[in-house]
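Data block below; observations after.
Just so it is clear, the values below take in all heavy atoms, side chains as well, and ignore hydrogens, waters and symmetry mates. We're numbering straight along the sequence, starting at 1. One-based numbering, in listed order, for ligands and for the atoms of each.
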Amino acid sequence: MTTDEFVDVDPPFLFPDYPITRLRAPLEPPVVLPRGWFHHQRGPAFGRVRVLPGDNDLTTGHPGVPIGQRIILRGRVLDSDGRGVPGTLIEIWQANAAGRYVDRADPGYFPLDPNFTGAGRTLTDNGGNYRFTTIKPAAYPGAPGTWYRPAHIHVSLFGPSLGHRLITQCYFEGDPLIAGDPIARSIPDPRALDRLVAKFSFDQQYAGGSDSAMVYDWDIVLRGPATTPVEG
Ligand SMILES: [Fe+2]
């Protein structure tokens with residue numbers, strides 16, 4: 001991939017309307033690591049605990065049922081030719097249905113849900129497919145006295161080596177807050193931003209059952225002209 005391909009896909013390090021970038025944007029050009037140990041370490045990295053089948057259901061594992069709209073977020077991890085990428089570790093973390101994270105850094109404006117932690121993970125199958133069951137997160141203030149962030153889920157992908165890492169955010173189709181969000185607007189090309197928006201599906205095969213859930217489809221493209229942008 002050439003440097004030019006990144007120009008309209010990924011946001012710049014410094015985007016003044018997104019205040020934190022004023023503090024974290026590097027002042028010097030990035031250092032290119034020499035090819036060697038780092039590039040050849042195999043991934044994904046799982047930590048000490050194996051990925052289990054139920055790790056992709058954020059609505060379970062607590063004494064009760066979490067509050068909020070239950071959703072299924074599903075899709076495929078694809079390469080530049082549209083082929084599914086198997087064995088990719090996808091980790092997600094998110095606010096609850098009130099807009100609160102289980103995180104000391106959260107300002108605590110909104111209530112916690114004792115039945116929702118907001119973190120999950122899964123591995124793509126042989127076709128590159130993934131699936132999460134969770135609660136639709138609520139919008140929350142991007143910074144005190146500023147703007148409301150659109151509802152979003154944070155997403156991390158680990159590919160076949162430690163050098164293959166993508167961290168981004170997933171939004172939801174039809175959310176008017178996306179257009180006014182400095183973090184979303186830091187992506188220069190609107191077409192690239194649209195690739196971060198999960199599309200509502202009328203394929204509601206669970207509607208009416210005890211597992212009833214709204215379905216959203218979101219594919220993640222790792223390389224090529226339709227690459228999914230990074231976003232932090
Ligand atoms: Fe967030």
>> If you apply the rule side-chain hydrogen bond (donor to acceptor under 3.5 Å, both in side chains), what do you find for T59 with R70, and how did you get there?
In response: CA-CA 8 Å; T59 65; R70 188 191 302 260; 3.1 Å; yes

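- The cationic atom of K199 (NZ for Lys, CZ for Arg) does not lie both less than 6.0 Å from the six-membered ring centre of Y216 and within 45° of the ring axis.
- Between the side chains of Y171 and R149, at least one donor N or O lies within less than 3.5 Å of an accepting N or O.
- Looking at D181, its side chain never comes within 3.5 Å of a backbone N or O of I178 through a donor-acceptor pair.
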>> Before you tell me yes or no, could you show the steps for I153 and T134 under side chain to side chain contact (heavy atoms under 4.5 Å, CB included), namely the whole-Å CA-CA distance, both residues' side-chain angles and the distance that decides it to 0.1 Å?
In response: CA-CA 10 Å; I153 294 177; T134 185; 4.2 Å; yes

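- Excluding water, every protein N/O/S atom under 2.8 Å from the Fe ion (ligand 1) is given here by residue and atom: Y101 OH, Y140 OH, H152 NE2, H154 NE2.
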>> Applying side chain to side chain contact (heavy atoms under 4.5 Å, CB included) to V9 and D189, what does each step give before you reach the verdict?
In response: CA-CA 6 Å; V9 173; D189 184 341; over 6 Å; no

